[in-house]
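Worksheet for the structure shown next.
Numbering of ligands and ligand atoms starts at 1, following listing order.
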Amino acid sequence: MALISLENLGTSDFLLLLSTVLTIYVAQYYYKYFTRENPLPGPFPFPFVGNLPQFILQSKGDTKEFYGYNYKKYGDMYEVQMGGRDIVLSRAEYVEKLLTPSTKNPHIGRFPDSRGLDELGVSGKGILLNENYKSWKYNRQFFTQAILSPKFTNEAIYWTNNLFDELEGYWNKLFLKEEIIKENKNKMDFTAWFNQYTNDMIIKLLTGERSYSMAAYFDTLSDEKADHPPAILNDSVKLVKALRKHLLGFITFVFVPPFLRHYVPFFKDKADDLLQNVTYINKRLDEIVKKRRKEIENTPLDKPLPNDMLTSVITANTPRDVNYTKTVGGEALNRPMTDSEICGIIFDGFLGGTDTTANSISFIVYYLAHYPDVKRKMVEEIDRIFQDDKTRPITENDFQKLKYCEAVIKEVSRVFTVVPSVVRTTSKSDEIAGYKWPANTMFRINIDAIHYKEEYWEEPDKFNPDRWLVEGSDPKKLSFLMFGGGLRICPGRKLAMIELICLMALLYRKYEIDLVDMNAPLNVVSGGVTACNELLVKIKPRN
Ligand code: HEM
């Protein structure tokens with residue numbers, strides 16, 4: 001009956017019905033908004049799209065800009081509507097409960113609604129977006145154990161050196177010949193090179209497989225081609241592009257409502273493309289895992305195995321693992337990982353470990369160029385350690401001694417952090433920042449703002465690496481969040497520091513690096529990470 005009467009509706013009846021439905025929806029939307037629990041200041045939201053209009057029109061779709069602008073306007077605690085209610089906290093004291101590094105902390109989830117991530121096939125897998133506590137804990141222990149082992153540290157230092165040699169080979173051909181320098185053509189996009197470098201690095205360290213994105217990038221710039229078959233280069237480029245697409249796009253499955261993803265062409269095409277993309281990545285990873293399993297099975301027990309993460313996690317809790325009984329706590333966790341679990345953590349290692357490191361080194365180079373005194377001090381430290389030797393590989397001992405380099409990294413990360421905010425969702429009702437919140441409330445920890453608070457930092461606007469070297473002046477608890485905090489703190493932080501410190505020494509002991517345009521601001525775009533679009537530098541050997 002109801003269907004028959006709907007069919008008989010004329011245009012004006014239909015419009016009337018539609019406007020009634022819309023009016024009811026809008027009335028209900030604003031009723032809910034004005035009667036919400038703990039109303040906080042924030043930009044005025046619109047039905048269906050929340051604060052998306054302000055995000056796109058005012059802040060040009062840039063998260064650093066958006067949350068920074070609203071912080072200046074609304075202060076330490078405000079709310080925005082981005083796919084749901086998003087409570088933004090900009091004080092260390094406010095985030096203490098969310099970042100307690102205790103297994104008793106119940107608020108370790110990131111997003112309140114994981115249906116989109118289920119659809120994308122990534123929820124309950126890996127580490128980064130895993131909302132299932134038991135599975136996250138299991139995966140994270142294997143990841144941490146592999147990445148923190150001494151043999152992994154050696155491997156990381158070895159490959160930082162080795163891939164830098166390869167990089168220099170390309171630079172020698174493209175930028176460092178005498179005539180090129182004389183003609184002032186020794187200019188390059190530093191960020192582009194280090195995006196390729198960190199890709200090749202992380203793929204090697206995590207899987208043991210070589211990837212050739214630096215070589216492929218060299219081929220795009222040079223008539224002379226790199227010494228690798230095109231099929232191998234294409235394979236590398238395809239995987240790296242797919243990972244990047246996933247990193248930039250997964251958020252579509254968090255913030256874009258299912259209706260738009262399923263039925264509205266623009267969003268549907270994007271969602272379908274991302275689904276195909278994730279299927280491709282999983283298939284490639286599965287091939288890599290299965291191949292390594294076979295290789296391990298065919299290696300006699302008394303023969304050593306490679307030191308990459310994949311080998312460690314395949315053998316963990318198996319008779320090949322010397323620490324068998326000590327490895328993972330708790331009976332349910334004391335079993336080897338399945339192929340699908342392994343793919344999940346390797347996938348997240350790729351995502352977490354490439355852009356973050358590549359952007360950090362770009363920001364470091366930018367700040368060093370703008371602060372010549374800091375650069376001089378850093379170069380003095382490097383020269384003290386390496387004397388005149390500009391080619392010997394960097395060792396772990398050197399890495400431990402480069403304290404000023406470490407201070408520079410921390411200071412750059414304080415003033416221009418790569419991850420501008422992290423999120424947590426409450427799993428049960430709790431008091432946070434002085435208010436009682438229901439379960440499933442999402443909080444955004446505004447790292448950008450916390451890193452500039454006068455109460456935590458002396459002269460916060462001053463770029464001053466020395467602040468990190470004053471004895472007994474550790475930053476106030478939770479005021480420095482370069483790697484996030486609490487149970488979900490970045491598990492790749494040691495690797496990140498190894499890579500960054502070694503790269504600074506490798507670069508500055510041998511080369512002079514200047515910005516092409518000293519007046520240009522950092523060219524960045526901010527989503528989940530603040531990424532450098534381009535950093536043009538001039539490079540030449542030091543006198
Ligand atoms: C300078 C480099 C890096 C920076 C600034 C960085 C920063 C971060 C931040 C802020 C988080 C979120 C932590 C939180 O929610 O509290 C994170 C998580 C993560 N990072 Fe990193 N990271 C870097 C390098 C790496 C590397 C090299 C790897 C891996 C090889 C890695 C793997 C991960 C993973 C797997 C997570 C998810 C942890 C979880 O959800 O439990 N990161 N990182």
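- Considering only non-hydrogen protein atoms, atom 32 (C) of ligand 1 sits nearest to Gly352 CA, 3.8 Å.
- Within the 4.0 Å heavy-atom shell around ligand 1 one does not find Leu487.
- For a threshold of 3.5 Å applied to N or O pairs, the pair formed by Leu481 and ligand 1 contains no separation below that value.
- Counting heavy atoms under 4.0 Å from ligand 1, residue Ile127 touches it through both backbone and side chain.
- In this structure, Trp136 has a heavy atom closer than 4.0 Å to ligand 1.
- Ring geometry, Tyr170 versus Trp193: the interplanar angle falls under 30°, so the pair is classed parallel (tilted spans 30 to 60°).
- Between Trp457 and Trp468, the two ring planes are tilted [angle within 30° to 60°].
- Some N or O of Gly485 is nearer than 3.5 Å to an N or O of ligand 1, by distance alone.
- More than 12 non-hydrogen atoms from other residues, nucleotides or ligands lie less than 6.0 angstrom from CZ of Arg210.
- Among protein heavy atoms, the minimum distance from atom 22 (N) of ligand 1 is reached at Cys490 SG, 3.1 Å.
- Ligand 1 has no nitrogen or oxygen under 3.5 angstrom from a nitrogen or oxygen of Thr357.
- Which of Ser360, Ala156, Gly349, Gly353 comes nearest to atom 26 (C) of ligand 1 through a heavy atom is settled by distance: it is Gly353.
- Put simply, part of Arg110 is less than 4.0 Å from ligand 1, judged by heavy atoms.
- Taking the six-membered ring for Trp and the full ring otherwise, Tyr367 and Phe463 have centroids separated by under 6.0 Å.
- Taking a 4.0 Å cut-off on heavy atoms, Pro491 registers as neighbouring ligand 1.
- Around atom OH of Tyr133, more than 12 heavy atoms belonging to other residues, nucleotides or ligands sit under 6.0 Å away.
- For the ligand labelled ligand 1, residue Arg424 lies inside the 4.0 Å heavy-atom shell.
- With respect to atom 23 (C) of ligand 1, the closest heavy atom belonging to the protein is Thr356 OG1, 3.5 Å.
- Contacts of Thr417 with ligand 1, taken as heavy-atom pairs under 4.0 Å, are absent altogether.
- Inspection of the Tyr511 and Glu168 side chains reveals an N or O donor paired with an N or O acceptor under 3.5 Å.
- His246 and Phe347 have their aromatic ring centers within a separation under 6.0 angstrom.
- Counting heavy atoms under 4.0 Å from ligand 1, residue Arg140 touches it through the side chain alone.
- Listed for the Ser123 side chain is no donor-acceptor partner under 3.5 Å among the backbone atoms of Asn130.
- A side-chain N or O of Tyr158 and one of Asn162 form a donor-acceptor pair less than 3.5 Å apart.
- Comment: Glu455 does not engage Lys476 in a salt bridge, judged by the lack of any side-chain N to carboxylate O separation of less than 4.0 angstrom.
- Residue contacts with ligand 1, taken as heavy atom pairs separated by less than 4.0 Å, involve Leu128 via backbone and side-chain atoms alike.
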